[in-house]
There are 2 protein chains.
Amino acid sequence: MNEPARGRETRARIQAVAVELFTEQGYEKTSLREIAERLDVTKAALYYYFKSKEDIVASLVEDYFAQIDDLIAWGTSQPATPQTRAEILRRYVAIMAEGHRAFRMLHQNQAAVHSMAGPKGRRELFKERLTPLIELLVEPGATLADRLRPAMALGGMSFGWMFFADQVPDRGELCAALLDIACELADADRGDRP
Amino acid sequence: MNEPARGRETRARIQAVAVELFTEQGYEKTSLREIAERLDVTKAALYYYFKSKEDIVASLVEDYFAQIDDLIAWGTSQPATPQTRAEILRRYVAIMAEGHRAFRMLHQNQAAVHSMAGPKGRRELFKERLTPLIELLVEPGATLADRLRPAMALGGMSFGWMFFADQVPDRGELCAALLDIACELADADRGDRP
DNA sequence: GTCTATATAACGATAGAC
DNA sequence: GTCTATCGTTATATAGAC
């Protein structure tokens with residue numbers, strides 16, 4: 001049980017159980033005792049892998065937000081064409097679908113995540129990323145009204161995914177369908193002059 | 001300080017402070033001590049008005065869900081026409097906008113609300129209401145794919161509201177604009193045969 | 001209605017043996 | 001790496017005086 005491979009595996013098992021319980025019962029209502037019990041270890045053992053309870057959820061959140069940051073960086077480096085915008089939406093659903101356990105946990109516990117950025121780091125972890133993402137989906141110099149459609153496209157996809165992902169036979173089809181509608185919605189931002 | 005009017009007022013002040021702190025810091029991270037301190041009373045005083053901490057948030061949630069239930073009841077009693085569907089969306093934004101403090105608190109703390117329905121009542125308080133609401137927005141016998149558009153319309157409005165409500169000069173205009181897009185989105189459920 | 005004082009319980013986290 | 005044992009803190013909630 002001393003090989004590093006075993007250690008990584010245990011760490012991953014802790015994360016998996018944590019995601020499950022945090023989603024089911026919420027972050028604050030889930031105690032380290034519960035997580036440890038389900039893994040048949042003691043609380044103290046968890047502290048070998050994570051320095052605090054927050055550190056567990058941080059390790060989960062980190063990866064997800066890093067992907068969004070990468071997407072924003074990529075989008076910024078691209079020309080502002082309709083094709084680019086469609087590709088941004090496509091990559092966004094992909095991130096959502098691929099990390100759907102973390103994604104759901106994150107949105108279920110956004111109060112906890114929000115109050116986690118807490119001291120030293122600034123807050124608004126979600127808004128901080130959604131604002132530039134929306135910005136990439138409108139023409140330069142767009143009005144606030146123009147931002148509504150892409151915003152609703154993103155919010156609609158998130159909601160649609162969380163609502164239907166567990167009752168649909170083929171998640172790939174769901175993604176494709178959501179993306180389709182989102183593209184149509186976000187791209188209808190011309191011809192609104194009377 | 002004995003008149004019942006004074007009592008109601010105090011109760012309302014407790015609720016107002018609770019909504020504010022629950023939204024700001026989250027339900028679990030907000031202690032009754034904090035709420036009491038901000039009202040310049042002691043913890044014990046709160047127990048004269050509410051029998052538990054959960055009871056405070058329950059009193060907040062109750063009113064909001066009752067309005068949604070009324071909307072579902074009204075929608076069920078109406079003919080399934082495009083006009084009815086548009087009116088359902090209109091009433092939904094109205095509920096969202098009118099009770100926007102509670103609405104935001106609710107979505108920020110959905111983990112807490114979810115784990116509150118807990119024993120004896122069943123869970124899924126949100127899904128329980130969104131499912132019939134979506135049902136009212138599609139033609140009878142619609143496929144799952146047909147439900148995507150109304151679902152995204154609802155989710156998009158919620159997201160758009162929460163994201164922009166605090167940075168817009170006129171919230172009434174925001175509501176109108178969101179509703180407009182949502183109607184267009186939800187009503188495009190014909191002509192998708194190739 | 002509001003207070004002081006306290007009961008009771010659980011949590012996150014650490015120390016140190018093995 | 002995992003354990004036992006425990007520390008220190010804070011929380012919800014109650015009892016009973018005023």
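So that the names make sense, note that chain A is the first sequence line, chain B the second, and so on, each numbered from 1.
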For DNA chain C, find the residues of residues 13-27 of chain B with a heavy-atom distance under 4.0 Å and give them by number; none if there aren't any. none

Between R149(A) and E184(B), does the side-chain contact (heavy atoms from CB on, under 4.5 Å) criterion hold? Intermediate values first, please. CA-CA 11 Å; R149(A) 298 186 101 95; E184(B) 170 199 310; 2.3 Å; yes

Selection from dT2(C), dA11(D), dG12(C) that lies nearest to any side-chain heavy atom of T10(B): dT2(C)

Rounded to the nearest angstrom, tell me the gap between atom CG in L39(B) and atom P in dT2(C). 10 Å

Just checking, R129(B) and F65(B): is the charged tip under 6.0 Å from the six-membered ring centre and within 45° of the axis? yes

Roughly how many Å is it from CD in E37(B) to P in dT2(C), rounded to a whole number? 17 Å

What are the residues of residues 48-58 of chain A, sorted by number, that bring a heavy atom to within less than 4.0 Å of DNA chain C? S52(A), K53(A)

For the pair made of NZ in K29(A) and P in dA11(D), what is the distance, rounded to whole Å? 15 Å

Between R147(B) and E135(B), does any NZ, NE, NH1 or NH2 come within less than 4.0 Å of an OD or OE carboxylate oxygen? yes

Taking the six-membered ring for Trp, are F159(A) and F163(A) parallel (under 30°), tilted (30 to 60°) or perpendicular (over 60°)? parallel

Aromatic Y47(A) / basic K53(A) pairing, under 6.0 angstrom, 45° off normal: no

Counting only side-chain N and O atoms of R33(A), is one of them less than 4.0 Å from OP1 or OP2 of dA10(C)? no

Quick one: E28(A) CD to dA10(C) C1', roughly how many Å, whole number? 14 Å

Any donor-acceptor pair under 3.5 Å linking the side-chain atoms of Q25(B) with those of E34(B)? yes

Salt-bridge present (R33(A), E37(A); N to O < 4.0 Å): yes

All N/O pairs under 3.5 Å across the protein-nucleotides 3-7 of chain D interface:
unit_1 : atom_1 : unit_2 : atom_2 : d
dC3(D) : OP2    : T42(A) : N      : 2.7
dC3(D) : OP2    : T42(A) : OG1    : 2.9

Between C1' of dT6(C) and OH of Y47(B), the distance in whole Å: 14 Å

Ion pair check, R90(A) and D180(A), cut-off under 4.0 Å: no

Under 3.5 Å, is there a donor-acceptor pair linking the side chains of T143(B) and D146(B)? yes

In this structure, is the centre-to-centre distance between the rings of H107(B) and F126(B) below 6.0 Å? yes

Say whether Q108(B) and T23(B), considering side chains only, have a donor N or O and an acceptor N or O under 3.5 Å apart. no

